[in-house]
Amino acid sequence: VSSRDATFLSGDAQARLGDIVGAREVTRQPRELAAVGASSEGVPTFLVRPGTASEIAEVVRLAAKLGAVVLPVGTASRRPRTSSRPRILLDIKRLDHVTFLDETSLVVQVQAGATGLGLEELLRPRGLTLGDFPPAVLGSTVGGMLSVRTPGKSSPRHGFLEDAVLGVSAVLADGRTLHTRVAPRRATGPDLGRVLLGSEGSLGIMTGCVLRIHRRPETRLLDAHRLPDFAAAVTAAAAALRSDAKPAALRLFDPAEAAAYLGEEIAPGAAVLCVATAGPSELATVDREIFASFAQQHGGTPLGPGPAEIWWKRRFGQGSQTTAPSLEITAPLHRLPIVHAAIQAAAVGAGRRARAHASRLDEWSGCLFVTLLDGERPDPAGPARAAVTQAAHAAGADLVGVRDADFLPYLAALKARLDPAGIFGDPS
Amino acid sequence: MSVFVPHHVSVWYRPAVTAPVPLDELRRQLAAVVGDRRVSTREPDRAHYARDMWPRLLLGLRDGAPAAYPPDLVVWPHTVEEIRDVVALARKLHVPLVPYGAGSGVAGGALPLFGGITLDLKRMDRILAVDEGALTVEAEAGINGERLERDLDRRGYTLGHFPSSIYCSTLGGWLAARSGGQMSTKYGKIEDMVLGVTAVTGRGEIVTTGRHGRATSGPDWTQLLVGSEGTLGVIASARLRIHRRPEVRHLRGFEFPRLTAGLEAIRRVLQRGLRPAVVRLYDEFDSAMNFARGDHTETRRPGAPPIGGRSGQSQAPLPGHGALPDIPIGVPARDDGPLAWVRTLVPGLGGAGKRILQAGLGVALERPRLLNALLESAATSLSRHGCLLIVGVEGGKARADVEADLVWRELSQAGGKDLGTGPGERWLSRRYAVSYEMPKMFSSGAFVDTMEVASTWERLLDLYTGVRRAIGEHAFVMAHFSHAYPEGCSIYFTFAGHAPNRAAAERKYDAIWRDGLAAATRAGGTISHHHGVGLLKAPFMADEHRESMALYQAVKDTLDPEGICNPGKMGLKAPRDLAGVQR
């Protein structure tokens with residue numbers, strides 16, 4: 001234990017943090033640290049649970065005085081970043097209030113600690129929704145969802161989650177609080193909220209945001225089609241999307257994934273395209289029919305809504321669960337079949353098998369979720385992972401969480417301006 | 001070097017120009033980068049690049065005053081590497097540098113406030129790739145908007161971006177100022193279309209954004225460079241989403257008894273998940289002008305192709321034609337803008353109004369409050385019409401046909417009277433038929449300009465009445481609502497004023513913007529929806545963004561540490577030690 005760490009521990013840090021957030025909301029208990037994905041090993045670590053944005057600002061100012069770093073933690077879906085300095089972990093789950101709901105403009109202001117599902121619970125009885133985003137994504141806190149940019153948080157009708165952000169509230173390293181202003185669109189300089197979105201809390205702590213919301217659809221229709229192979233399913237879906245169909249959600253299973261997920265008997269040896277459409281019933285119907293017609297053109301046969309209902313229920317956590325995919329990648333829509341084939345070949349080359357489904361497609365791109373198998377057993381961490389990753393990348397896919405090499409020096413310089421003392425740690 | 005700074009700017013801005021660089025030396029070094037023929041120090045070039053389309057500058061031009069902000073040199077780069085070398089040189093010497101597209105900006109954004117280098121990008125006008133698999137286009141920043149759209153159209157695609165400046169603006173200009181087109185409700189603004197840019201930062205380095213799409217972690221550099229109006233660097237090329245050219249286009253006019261009824265109808269349509277491409281609602285005055293001009297009747301220019309088809313039917317846009325009519329070459333100034341529109345109302349005005357207008361339009365415009373009040377009472381009785389809404393739905397036939405029916409039905413249920421295809425068709429055929437000559441009214445001592453603000457629906461009426469009242473103290477004002485979104489809408493005010501001399505006109509002009517934008521901020525709106533900030537709105541950026549300006553300043557200091565990129569704009573801090581050019 002270094003002298004600084006010793007001072008931090010033995011000094012009045014806990015008391016001073018307690019003065020800000022309340023003594024009960026400061027802890028060093030290993031069990032409580034473990035609950036947010038942190039460990040009590042290594043550098044001294046406090047977990048604090050502020051209840052307001054101004055408490056966060058005070059914690060940040062205190063951290064500057066104590067030489068500690070402040071790192072946000074969420075639902076333990078990601079580990080807090082490591083640091084060589086004492087850590088103050090910020091659990092913002094108490095900041096879970098909806099502070100403003102504008103049902104005229106369909107805009108909601110929510111604190112960063114609210115979960116997507118919690119927000120949905122408030123919106124549902126009012127006939128409102130955050131949008132057709134994957135339910136799995138909505139389990140995280142709003143702050144967590146927006147601090148990491150991934151292609152998976154999207155829907156063909158409602159776009160990407162970060163595009164639904166009309167305003168951001170945050171605390172900067174010097175303890176200043178800021179709120180970017182809300183307008184449907186503007187032409188008054190760069191989109192300043194984009195400095196903080198996706199920056200994982202390394203440039204500022206997001207305390208809340210203003211989001212677009214939607215009216216719940218009047219109708220929701222499900223449908224499914226059997227297609228000869230995965231490539232045909234992608235081609236059919238792409239043709240439908242590019243004919244302006246706007247589905248609520250899509251899922252394309254390759255034959256192995258279809259068998260594992262929907263059951264062996266539904267479409268043996270074939271790929272399955274599941275379509276959910278929503279909106280005014282005439283539009284939901286025409287969207288469904290556009291998909292049906294392109295599926296047919298690409299050698300498909302209708303399966304009716306049955307398989308799609310299995311998918312839809314599981315999407316909301318009902319029915320039997322399957323293991324999490326080993327790999328999530330994104331690719332331009334027209335390259336998905338090529339990437340898929342490359343992944344299959346690489347998996348076989350490494351003595352494994354791969355099955356996959358595509359989801360979150362729009363006119364331009366889609367996500368591929370790959371499960372690696374050793375025999376029948378999922379093998380996410382096995383030797384095939386690196387080979388498959390490499391092959392997918394070579395075939396034109398992007399791996400989630402990549403850093404843009406061109407901008408590394410700029411990110412470091414921006415960090416130096418906004419957080420010269422490194423209170424928010426190093427960029428992960 | 002003398003710098004003229006207009007009254008409303010000098011309040012907050014004190015230029016600091018030191019350590020002069022000899023012109024000949026700078027010219028020689030720039031010629032070594034781009035070639036001798038692509039550097040100019042000639043007076044006609046300097047005079048030309050001293051202006052954009054900011055109406056305030058026309059007041060000086062009318063008086064024959066010398067250009068206030070000439071660059072010292074104009075440079076025409078051909079490649080992104082040349083831009084990089086020019087910026088690196090400018091950075092080394094601390095010489096200011098301003099990118100320039102087609103000069104159609106209306107906020108003074110491209111004016112070289114401290115001289116230095118103007119970088120005209122028009123020679124970088126290539127389409128680098130149209131990727132039909134990925135449905136993207138990559139083009140250089142200097143490409144003219146019409147050329148880009150026509151090229152895509154020939155291949156069966158559209159960008160979906162139709163600003164009224166499309167014939168005289170560039171892709172780079174659109175991105176720099178967050179341009180919006182007339183079909184933004186369906187296709188979005190330019191910031192919604194762009195996937196990535198290649199730019200040269202103020203550090204003289206080439207960077208490409210958006211390579212990994214949404215997979216990238218860290219700030220979204222694309223959305224920081226877009227809208228930065230040259231203050232962070234120079235956008236050299238961009239990759240954008242394109243769409244299949246729409247198979248059908250349905251256009252309709254609707255008439256609403258009141259403005260509020262029309263707005264409510266639009267809100268209902270959009271919040272039901274319907275996405276018309278065109279949504280334009282004219283306020284009572286603007287509608288009255290439209291109706292008085294016969295814009296609601298089913299007339300077509302002789303020989304012009306039918307665009308919307310017969311009522312209830314649709315027709316594919318003509319191949320190679322897209323949504324873009326032929327450029328209106330040689331269109332004579334049809335009218336003097338708002339003045340002529342006022343004139344169309346004269347026959348219906350009562351005694352006092354008629355007397356005032358007969359005394360001369362200039363005289364009338366000098367009593368804006370009276371004029372606005374007279375027109376307010378006249379417009380309703382004159383027109384016997386309410387507010388005109390033009391709405392268009394387009395896209396793939398199967399879906400657009402159904403969507404159009406749903407939109408018409410929703411509008412009818414909200415109290416709209418269906419006027420058939422005439423008004424939309426007429427708007428579509430006329431929407432670019434503006435004169436490219438200086439409006440005649442400028443020579444008669446009057447001026448005209450537009451102010452585009454936006455807010456969420458909940459604040460929209462406050463925004464409308466607040467800004468309209470603020471402008472109405474000084475000028476004749478009318479408005480239409482376009483660029484509607486599920487969460488809000490933009491308002492486009494057109495105003496015309498008059499003053500006896502240039503100094504008085506400039507004072508009045510500045511007061512209109514000061515009061516109008518303050519009213520917009522007070523109502524919780526934004527001060528610009530798609531024209532940008534430039535010099536005009538720079539003093540109001542602090543009120544617009546407040547403490548968030550710290551983020552912009554941090555990004556500015558990161559990408560342009562010497563402050564050479566378009567200094568004096570956007571409300572950013574003044575650079576400390578810019579070099580002047582010794583002529």
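Numbered from 1 within each chain, the chains take letters A, B, ... in sequence-line order.
The two residues A:Leu192 and B:Ser548 come nearest to each other via the heavy atoms CD1-O, 3.5 Å. A:Ser105 approaches B:Glu458 most closely through the heavy-atom pair OG-N, 2.9 Å. Residues B:Gly218 and A:Ser199 approach most closely at C-OG, 3.8 Å, considering heavy atoms.
Of the atoms belonging to B:Lys186, it is side-chain heavy atoms, and not backbone ones, that fall under 4.5 Å from chain A. Contact annotation for B:Ile242: only backbone heavy atoms (N, CA, C, O) come within less than 4.5 Å of a heavy atom of chain A. For a residue to count as touching a neighbouring chain, one of its non-hydrogen atoms must lie under 4.5 Å from one of that chain's; by this rule B:Val555 touches chain A with backbone and side chain alike. With a 4.5 Å cut-off on non-hydrogen atoms, B:Leu270 does not touch chain A at all. No part of B:Arg268 comes within reach of chain A, as not one of its non-hydrogen atoms sits under 4.5 angstrom from that chain. The contact between B:Ser228 and chain A is made by backbone and side chain atoms together, counting heavy-atom distances below 4.5 Å. Within the 4.5 angstrom heavy-atom criterion, only backbone atoms of A:Ala245 (N, CA, C, O) approach chain B. Using a 4.5 Å cut-off between heavy atoms, A:Val107 contacts chain B through its side chain alone, with no backbone atom that close. Using a 4.5 Å cut-off between heavy atoms, B:Asp131 touches chain A through its side chain atoms alone. Looking at A:Arg212, the atoms closer than 4.5 Å to chain B (heavy atoms on both sides) all sit in the side chain, from C-beta outward. Proximity to chain A (any heavy atom under 4.5 Å) is shown, for B:Glu410, by neither the backbone nor the side chain. With a 4.5 Å cut-off on non-hydrogen atoms, B:Leu559 touches chain A through its backbone and its side chain both. Both the backbone and the side chain of B:Thr209 come within contact range of chain A, with heavy atoms under 4.5 Å apart. In this structure, the portion of A:Leu197 lying under 4.5 Å from any heavy atom of chain B is its backbone and not its side chain. Using a 4.5 Å cut-off between heavy atoms, B:His531 touches chain A through its backbone atoms (N, CA, C, O) alone. The part of B:Arg244 that comes within reach of chain A is its side chain, from C-beta onward, which places non-hydrogen atoms under 4.5 angstrom from that chain. If you measure heavy-atom distances from A:His179 to chain B, the contacts under 4.5 Å come from both the backbone and the side chain.
The main-chain N or O of B:Pro486 is never found under 3.5 Å from a side-chain atom of A:His214 such that the two would form a donor-acceptor pair. Remark: side-chain polar atoms of A:Arg417 are paired, donor with acceptor, to backbone N or O of B:Asp557 under 3.5 angstrom. For A:Thr104 (side chain) and B:Trp457 (main-chain N/O), no donor-acceptor pair under 3.5 Å exists by modelled atom type. Of the possible polar contacts, one joining the B:Arg178 side chain to the A:Gly189 backbone as a donor-acceptor pair under 3.5 Å is found. For the pair A:Asp406 (side chain) and B:Thr208 (backbone), a donor-acceptor distance under 3.5 Å is present.
Remark: A:Arg186 does not engage B:Glu452 in a salt bridge, criterion side-chain N to carboxylate O under 4.0 Å. Salt-bridge annotation for A:Glu289 and B:Arg399: absent, with no side-chain N of the basic residue lying under 4.0 Å from a carboxylate O of the acidic one. Salt-bridge annotation for B:Glu403 and A:Lys246: absent, with no side-chain N of the basic residue lying under 4.0 Å from a carboxylate O of the acidic one.
Taken from CD1 in A:Ile213 to CD in B:Gln271, the straight-line distance is 9.0 Å, to the nearest 0.5 Å. Interatomic distance, CE of B:Met570 versus OG1 of A:Thr188, reported as 7.0 Å (0.5 Å rounding). To the nearest 0.5 Å, atom CG of residue B:Leu224 and atom OH of residue A:Tyr410 are 13.0 Å apart. Between atom CZ of residue B:Arg275 and atom CG of residue A:Leu283 there is a gap of 10.5 Å, rounded to the nearest 0.5 Å. To the nearest 0.5 Å, atom OG1 of residue A:Thr180 and atom CD of residue B:Glu547 are 9.0 Å apart. Residue A:Arg181 holds its CZ atom at 9.5 Å from CG of B:Asp543, rounded to the nearest 0.5 Å.
Chain A forms the most heavy-atom pairs under 4.5 Å with one residue out of B:Ser528, B:Pro561, B:Ala176, and that residue is B:Ser528. Counting heavy-atom pairs closer than 4.5 Å to chain B, the top-ranked of the candidates A:Asp102, A:Leu106, A:Leu166, A:Leu178 is A:Leu178. When each of B:Thr456, B:Leu135, B:Val402, B:Val533 is checked for heavy-atom pairs under 4.5 Å with chain A, B:Leu135 comes out on top. The greatest number of non-hydrogen atom pairs below 4.5 Å with chain B, out of A:Glu103, A:His334, A:Arg335, is found for A:His334. Contact count versus chain B (heavy atoms, under 4.5 Å) is highest, among A:Arg185, A:Arg157, A:Glu282, for A:Arg185. Between chain B and the options A:Ser243, A:Gly279, A:Ser147, A:Pro280, heavy-atom pairs under 4.5 Å are most frequent for A:Pro280. Options B:Gly188, B:Pro219, B:Gly488, B:Gly396 differ in how many heavy-atom pairs under 4.5 Å they form with chain A, and the most are formed by B:Pro219. With chain A as partner, the option from B:Tyr485, B:Tyr552, B:Trp221 having the largest number of non-hydrogen pairs under 4.5 angstrom is B:Trp221. The greatest number of non-hydrogen atom pairs below 4.5 Å with chain A, out of B:Cys489, B:Ala177, B:Gly227, is found for B:Gly227. Counting heavy-atom pairs under 4.5 Å between each of B:Ala134, B:Ser490, B:Ala107 and chain A puts B:Ala134 at the top.
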- Message: With side chain to side chain contact (heavy atoms under 4.5 Å, CB included) as the criterion, how do B:Leu551 and A:Leu203 come out once you've worked through the C-alpha distance, each side chain's angles and the decisive distance to 0.1 Å?
- Response: CA-CA 10 Å; B:Leu551 290 178; A:Leu203 300 174; over 6 Å; no
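Heavy-atom proximity under 4.5 angstrom to chain A picks out B:Lys189, B:Glu191, B:Asp192 from residues 189-197 of chain B.
In A:Gln296, the CD atom is not crowded: 12 or fewer heavy atoms of neighbouring residues, nucleotides or ligands sit closer than 6.0 Å.
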